Amino acid sequence: MSDVEQSVTRRGIETFYTLYFVALIPITLLIDLQSFYPPAVVPQYLKDVNTFYLSTSGDPLVSRTLGGPAQMAWFDPFSYLEAGFRLPIFFLAIYGLVQSYTSVYILTLIYSVHTATTVMPCLVTFLAIPTAIPDAPTGSLTLTANQKQFLVTNYAPFLLITVGMAADSAFKLWSIVRESDYMGSF
């Protein structure tokens with residue numbers, strides 16, 4: 001691949017990352033972090049979006065943030081990390097990508113590894129929850145087959161994107177380090 005082709009490909013990847021981070025900002029602020037806001041300040045239509053999502057998906061993790069099943073308490077710190085760690089990274093990453101700073105790859109590597117390692121337990125949890133059966137005891141945590149499929153379909157792209165971003169960022173950083181005088185021909 002020529003230098004021009006590599007440059008065009010790199011710009012395409014960076015544009016994708018930029019759009020990915022831009023898209024995550026409203027989703028995070030308006031949907032994911034609703035449980036952080038006083039109920040009086042959340043518009044009814046946003047509450048309705050969460051209600052519809054929960055009634056459709058049965059997502060026990062999102063329902064946990066709104067007072068759902070205690071056995072999903074392990075998910076609570078992930079919500080705090082989204083607010084205090086990932087959300088600021090979205091803005092910093094967008095800025096770094098738009099400005100073409102090579103140092104942004106440190107940030108995208110940290111973000112992507114962190115996010116991949118938080119999405120993986122979510123997916124494993126969905127797959128481990130028993131599939132609902134007609135005579136399941138009342139109050140037991142189950143998901144229908146359709147709900148499991150819906151949840152995996154919604155969460156898996158975040159795993160795939162962040163694993164790809166982690167690999168891409170690591171290879172980019174490796175090439176930058178290899179080119180430096182400090183690494184020589186390591």
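Everything numeric in this text was worked out from a predicted model, so none of it was measured. The analysis underlying the following values was restricted to heavy atoms, covering all of them including side chains, and did not include hydrogens, waters or symmetry mates.
In this structure the side chain of Phe158 never reaches within 4.5 angstrom of the side chain of Cys122, judged on heavy atoms. Side-chain contact check for Leu61 versus Phe78: every heavy-atom pair is 4.5 Å or farther apart. The shortest distance between side-chain heavy atoms of Arg11 and Ser100 does not fall below 4.5 Å. Between Phe75 and Pro121 the shortest side-chain heavy-atom distance does not fall below 4.5 Å. At least one side-chain heavy atom of Ile129 sits less than 4.5 Å from a side-chain heavy atom of Met72. Contact of the Met120 side chain with the Thr117 side chain is not registered, since no non-hydrogen atoms from C-beta on lie closer than 4.5 Å. Between Thr131 and Thr144 there is no side-chain heavy-atom pair separated by less than 4.5 Å. Side-chain atoms of Leu87 and Phe91, non-hydrogen and from C-beta on, do get closer than 4.5 Å to each other.
Counting all heavy atoms, side chain and backbone alike, Leu143 lies closest to Gly58 at CD2-O, 3.3 Å. Taking both residues in full, the closest heavy atoms of Pro60 and Phe126 are given as CD-CE2, 3.9 Å, listed atom of the first, atom of the second, then distance. The two residues Pro130 and Leu141 come nearest to each other via the heavy atoms CD-O, 3.6 Å. The two atoms that bring Gly164 and Tyr17 nearest to each other are O-OH, 4.1 Å, heavy atoms only. Across every non-hydrogen atom of Val113 and Ala166, the tightest pair is CG2-CB, 3.9 Å. Closest approach of Leu54 and Ser63 over heavy atoms only: CD2-N, 3.6 Å.
Asn146 contributes atom CG, which lies 12.0 Å from atom OG of Ser57 (distance to the nearest 0.5 angstrom). Distance check: Thr102 OG1 to Glu179 CD gives 10.0 Å after rounding to the nearest 0.5 Å. Rounded to the nearest 0.5 angstrom, Ser112 OG and Ile161 CD1 are separated by 11.5 Å. With values rounded to the nearest 0.5 angstrom, Leu33 atom CG is found 6.0 Å from Thr28 atom OG1. Rounded to the nearest 0.5 Å, atoms CG (Leu151) and CG (Asn154) are 7.0 Å apart.
In terms of modelled atom types and a separation under 3.5 Å, the side chain of Arg86 and the main chain of His114 share no donor-acceptor contact. Within the 3.5 Å criterion, the main-chain N or O of Ala128 finds no donor-acceptor partner in the side chain of Lys148. A donor-acceptor pair under 3.5 Å is absent between the side-chain atoms of Lys172 and the main chain of Ala167, judged by distance alone. Of the possible donor and acceptor atoms, none in the side chain of Glu82 sits under 3.5 Å from a partner among the backbone N and O of Ser79.
Hydrophobic clustering of Ile, Leu, Val, Met, Phe, Trp and Tyr side chains at less than 4.5 Å, counting indirect connections, unites Ile89 with Leu81. Under the 4.5 Å side-chain heavy-atom criterion for Ile, Leu, Val, Met, Phe, Trp and Tyr, Leu92 and Ile27 are members of distinct hydrophobic clusters. Residues Phe52 and Val62 fall into different hydrophobic clusters, defined by Ile, Leu, Val, Met, Phe, Trp and Tyr side chains chained together at heavy-atom separations under 4.5 Å. The hydrophobic clustering, which links ILVMFWY residues whose side-chain heavy atoms are closer than 4.5 Å, places Tyr95 and Ile25 apart. Cluster annotation: Leu160 and Leu19 are assigned to distinct hydrophobic clusters (Ile/Leu/Val/Met/Phe/Trp/Tyr, side-chain heavy-atom contacts under 4.5 Å, transitive).
Within a 6.0 Å sphere centred on OH of Tyr20, other residues, nucleotides and ligands contribute more than 12 heavy atoms.
Checked against the 6.0 Å centroid criterion, the rings of Tyr80 and Phe85 do not qualify as a close aromatic pair.
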* **Residues Tyr53, Ile31; criterion side-chain contact (heavy atoms from CB on, under 4.5 Å); working and verdict** => CA-CA 10 Å; Tyr53 173 75; Ile31 305 298; over 6 Å; no
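Looking at Tyr155 and Asp59, their side chains do bring a donor and an acceptor atom within 3.5 Å of each other. Thr115 and Thr162 are not linked by any side-chain donor-acceptor pair at a separation below 3.5 angstrom, with hydrogens and angles left out of the test.
Partner of Tyr37 under the side-chain contact (heavy atoms from CB on, under 4.5 Å) criterion, out of Leu30, Val42, Leu46: Val42 alone.
Remark: Gln99 engages no residue in a side-chain hydrogen bond (donor to acceptor under 3.5 Å, both in side chains) (not counting sequence neighbours).
Ring planes of Phe90 and Phe21: tilted class, angle from 30 to 60°.
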